[in-house]
Number of protein chains: 2
Amino acid sequence: MATELSKWEEQGLRGEAVGTKQAPRHVSQCPVEDWLTFLGHRWSALILWRLSDREFGFSELMETLPKISPKVLTERLEGFVERGLVTRSSTSTFPRRTTYTLTDAGREITQMLSRLYEWAR
Amino acid sequence: MATELSKWEEQGLRGEAVGTKQAPRHVSQCPVEDWLTFLGHRWSALILWRLSDREFGFSELMETLPKISPKVLTERLEGFVERGLVTRSSTSTFPRRTTYTLTDAGREITQMLSRLYEWAR
DNA sequence: CCGAATCCTACATGATACTG
DNA sequence: CAGTATCATGTAGGATTCGG
């Protein structure tokens, strides 16, 4: 079992200081660590959980997550879309209505979260 | 599905500035987010993966994880022991020999990581 | 061999105010 | 409504050195 991830471990770092000076700038090259880190960010699990129930608008999510800031919610949603867990669709009417919906991949993730939940409690 | 985690979301924060001033000091009260954050820390997955194969000593782990620092390795191992994923046993001979072994709970976690790995690639 | 102690940088998160 | 911009702060991660 341990060998399957071996190929990732040698890399460890990446980033090699793009423009200016010595910036360690870490990006995990291990997909498992990468996903865990991503999902482990604050509010991620809770937002996905919300979306597993039905689609939501931005402000609607803000309301159901009392303490989140719009900046963080934006970051999370963009991350989800980028990784294919969520679809974003927006009307051009006014006031604008944007909805976020789980994709099939998103549902697979929430199912894994569900198993983790059962295990954890 | 969305209701199972509902009870956690109202809390959001905790910590209320133990001694000095206004420190937001966040500790997730959602067990799923808590575990994801924990497992998402750097090297966590890789260390557990290593231990799923056999037991390891401290320096031995250092060698198989080329870029890790002893501080971080210590932090991870202590976290694992604290959460019951790993058992630590140490001889009193010299030089001292300490070994880290996965518990059953640790194996359950690495199995979940394995599923995530299959899904992710 | 197994770590502990320091110091330092980057990143994650929040509060808040403002815009198309 | 659905975000963006800015500013501030805590926590994670890493380099290095030292001790039992």
Side-chain angles (χ1 to χ4, degrees), chain A residues 12-28 33-34 36-47 55-63 65-79 81 86 88-100, chain B residues 12-28 33-34 36-47 55-63 65-81 88-100:
Chain A
L13 298 177
R14 194 188 81 174
E16 69 292 324
V18 184
T20 49
K21 33 183 175 180
Q22 17 70 294
R25 195 52 42 75
H26 165 254
V27 176
S28 167
E33 180 172 300
D34 189 44
L36 288 173
T37 301
F38 176 70
L39 296 171
H41 285 157
R42 188 132 138 83
W43 301 110
S44 288
L46 239 27
I47 297 169
E55 66 176 32
F56 274 83
F58 189 91
S59 299
E60 209 175 1
L61 280 170
M62 287 291 292
E63 287 160 24
L65 304 169
K67 296 297 185 183
I68 200 173
S69 74
K71 179 192 165 202
V72 172
L73 181 54
T74 299
E75 285 171 8
R76 294 299 173 272
L77 290 171
E78 285 176 349
V81 171
V86 165
R88 181 195 133 118
S89 68
S90 187
T91 70
S92 29
T93 64
F94 190 84
R96 188 167 65 200
R97 166 78 179 171
T98 305
T99 54
Y100 295 92
Chain B
L13 299 176
R14 195 190 81 173
E16 70 291 327
V18 184
T20 48
K21 33 182 174 181
Q22 20 69 296
R25 196 51 42 74
H26 164 253
V27 175
S28 168
E33 180 172 299
D34 188 44
L36 288 173
T37 301
F38 176 71
L39 296 171
H41 285 157
R42 190 137 134 79
W43 303 109
S44 288
L46 237 29
I47 297 170
E55 64 176 33
F56 274 84
F58 189 90
S59 300
E60 211 175 358
L61 281 170
M62 287 291 292
E63 287 161 23
L65 304 169
K67 297 295 185 184
I68 199 173
S69 75
K71 179 196 165 199
V72 172
L73 182 54
T74 299
E75 286 171 6
R76 295 298 173 273
L77 290 171
E78 285 176 348
F80 295 154
V81 171
R88 180 193 134 119
S89 68
S90 184
T91 70
S92 28
T93 65
F94 190 85
R96 189 165 62 198
R97 167 78 180 171
T98 305
T99 54
Y100 295 90

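Naming: A, B, ... by sequence-line order, numbering from 1 per chain.
Look at CD on B:Glu55: it is 12 Å from P on C:dC2, rounded to the nearest Å. If you measure from atom CE of A:Met62 to atom P of C:dT13, you get 15 Å, rounded to the nearest angstrom. One interatomic measurement links the two molecules: CZ of A:Phe56 to P of D:dA2, which rounds to 12 Å at whole-angstrom precision. Summarising the geometry, the separation between CG on A:Leu36 and C1' on D:dG13 is reported as 17 Å, rounded to the nearest angstrom. The nearest whole Å value for the distance from the CG atom in A:Leu73 to the P atom in D:dT4 is 11 Å. When the P atom of C:dT16 is taken as reference, atom NZ of A:Lys67 falls 10 Å away, rounded to whole Å. One atom, CZ of B:Phe58, and another, P of D:dG20, lie 17 Å apart when rounded to the nearest Å. Between the P atom of C:dG3 and the CD1 atom of B:Ile68 lies a distance of 13 Å, rounded to the nearest Å.
One donor-acceptor pair, N or O on each side, does fall under 3.5 Å between the base of D:dG13 and the side chain of B:Lys71.
Remark: side-chain polar atoms of A:Arg88 are not paired, donor with acceptor, to backbone N or O of A:Glu78 under 3.5 angstrom. Distance alone, capped at 3.5 Å, places no donor-acceptor pair between the A:Ser44 side chain and the A:Gly40 backbone. In terms of modelled atom types and a separation under 3.5 Å, the side chain of B:Arg42 and the main chain of B:Ile68 share no donor-acceptor contact.
Dashed line: the shortest gap from a side-chain N or O of A:Ser69 to OP1 or OP2 of C:dA15 is not under 4.0 Å. For the OP1/OP2 pair of C:dG3 and a distance below 4.0 Å, the side-chain nitrogens and oxygens of B:Thr98 include at least one atom meeting the criterion. Close to D:dG14, at under 4.0 Å from its OP1 or OP2, lies a side-chain N or O of B:Trp43. OP1 or OP2 of C:dG14 sits under 4.0 Å from a side-chain N or O of A:Arg42. Proximity of A:Tyr100 to the phosphate of D:dG3: a side-chain N or O atom is located under 4.0 Å from OP1 or OP2.
With D:dG13, D:dC7, D:dT16 as the choices, the nucleotide that has an atom nearest any side-chain atom of B:Pro70 turns out to be D:dT16.
When each of A:Gly57 and B:Glu75 is assigned the nucleotide of DNA chain D with its nearest heavy atom, A:Gly57 is the one assigned upstream, toward the 5' end.
Using cut-offs of 30° and 60° on the angle between ring planes, the pair B:Tyr100 and B:Phe58 is tilted.
Across all their heavy atoms, B:Arg97 and B:Thr99 have their closest contact at NE-CG2, 3.5 Å.
Remark: B:Arg76 CZ to B:Leu39 CG distance equals 10.5 Å, nearest 0.5 Å.
Within the nucleic acid shown, A:Thr74 comes within 4.0 Å of at least one base atom, counting heavy atoms only.
Partners of A:Glu60 by side-chain hydrogen bond (donor to acceptor under 3.5 Å, both in side chains), not counting sequence neighbours, listed by chain and number: A:Arg54.
Listed by residue number, the members of residues 89-96 of chain A with any heavy atom below 4.0 angstrom from DNA chain D are A:Pro95, A:Arg96.
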